[in-house]
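In what follows, a single structure is set out as structure tokens and then discussed.
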Amino acid sequence: MEHALTDLFARVVIGRTLKYIEKDPEKNMMKIIRRAKRLMGNTFPETAYKGMVAMATDKDNNWHDFALRLIDEVDREQLKKLLVAFGLHGGIYGTKAVRRNREIYGCNIPFLLLFDPTSACNLRCKGCWSAEYNHQLNLTLEEMRDIVSQAKKLGTHLFMMTGGEPLVRKNDILILAKENPDCVFLAYTNGTLVDEEFADKMLECGNLLLALSIEGNQKTNDARRGKGIYERTRNAMELLKRKKCLFGISVCYTSENIEAVTSDEFFDDMIASGARYALYFHYMPVGTGAVPSLMPTPEQRVMIYERIRRNRSSKGGKPIFAMDFQNDGEFVGGCIAGGRNYFHINSAGDMEPCVFVHYSDSNIREKTILEALRSPLFMAYYKNQPFNDNHLRPCPMLENPEKLRGIVKKTGAKATDMISQETVDELCGKCDNYALKWKETADKLWKAKDRYAPYTQYYRDEGKPVKNSGGKEK
């Protein structure tokens, strides 16, 4: 395997580094950061290093506590394998390859790829399109191997899996992770299929992570996911914590559960349960079974925007990494779909620009990943991103529905819903009123302060680079 000797050396160095840090965390973390900066050079912005310095030197910094918890509470061998896969292959080799290939091929090349091993799911959550899907659709193990192989050649080393319930295929997922130690795999799961044997095999691989779906307290969770699911998910969390597995949670926030999933009590409970990251997703009205009333109000969206940023702050925050994909657009330059940072392959092999945008003009069984990234649908994303210069309105469906209407109609992309296909006008029609209401609030919020300007370029106007207009770098 390419970089095999480097990997072996890195594991040895990382193992010694972790032991070194444990001897005197406050002092030795700073020494390691200096060495890391010399190694990585200008791969990442100066602000990233400044943040690491503050984390290492300030005991009152929230991320200081977070780092010490990782070292103390996560299995040492798993940490070593993750740092090699994520830091070395994804962060250094992968970043360089992705940026180089974007220039070579003149299209989006993703850092991350999301795919569905299966459409099967053992739950029927309220408002979830997966509940409507045919449970017999699967990507074969060979197809998943080919997806990973193709993506790695382009520089992609991060893979997420959803469905359906991906752990219906947990044996094949373990095989993929074991065969690709230079990659990180994360499965979004309801946790009901997590058992002791699987947890042990996860640790053996070292590069497989879970994000357990949970939506507040028992009442709000089971109202959407079904009676008894909250307890089963909590049992999985308890097992993973005992095994010292690194894991986090996945939260779909709606108008009904938004208070429960953003409260201090919820955050504190998840931290105590062993979760180290929290991935928040805005409810999307996708599919014929969608419930538009579950979309948050503008006031509720402002609330979650403020609470997650407060809890993520270095001062007064909480030791869990929380990310809100809809409200954190400024840190990634807006919409990340269409291969700009990620795209989605469903269990029928359709390559879709986003997990929430069920339209495609390419199938993995007929085209390569690179051919899909250069297809009319994906190139329309490439040439139209960002869809809004206000990155609190990043999505071409939810906040800018006229954009998705135009792209789908112009490119002739076909609906990929497996039960009841939805026209783009039907889908976007459910977002029009929401987008109009959010616009006024979002524009005021965006203009209220200077905004972060991430390292990124856009390619509007037939491929000519456009500088990010997010505001001054902070």
**Request:** Kindly say whether the aromatic ring centers of Tyr342 and Phe325 come within a distance under 6.0 Å.
**Result:** no
Mark yes or no for whether [X], through its side chain, and [Y], through its backbone, hold a donor-acceptor pair below 3.5 Å.
| X | Y | answer |
| --- | --- | --- |
| Ser360 | Glu352 | no |
| Asn400 | Cys395 | yes |
| Tyr280 | Thr262 | no |
| Thr254 | Glu256 | yes |
| Asn341 | Phe111 | no |
| Trp438 | Leu392 | yes |
| Glu422 | Asp417 | no |

**Request:** Decide ring-ring contact (aromatic ring centres under 6.0 Å, His included) for His282 and Tyr253; before the verdict, give the C-alpha distance in whole Å, the side-chain angles of both, and the deciding distance to 0.1 Å.
**Result:** CA-CA 5 Å; His282 187 293; Tyr253 57 90; 5.5 Å; yes
**Message:** Which residue in the set Lys241, Arg276, Lys243, Arg242 passes salt bridge (charged side-chain N to carboxylate O under 4.0 Å, His left out) when paired with Glu73?
**Reply:**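 Per the salt bridge (charged side-chain N to carboxylate O under 4.0 Å, His left out) rule, the option paired with Glu73 is Arg276, out of Lys241, Arg276, Lys243, Arg242.
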With a 4.5 Å heavy-atom cut-off, do [X] and [Y] have their side chains touching?
| X | Y | value |
| --- | --- | --- |
| Met270 | Ile214 | yes |
| Arg451 | His391 | no |
| Met161 | Phe115 | yes |

**Request:** Output yes when Lys444 and Glu440 qualify as a salt bridge under the 4.0 Å nitrogen-oxygen rule, no when they do not.
**Result:**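 So Lys444 pairs with Glu440 through a salt bridge.
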**Asked** When you check the gap from the basic side-chain N to the acidic O, do Glu330 and Arg309 get nearer than 4.0 Å?
**Response**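 Salt bridge flag = yes for Arg309 with Glu330.
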**Prompt:** Atom CG of Asn180 and atom NE2 of His157: how far apart are they, to the nearest 0.5 Å?
**Reply:** 9.5 Å
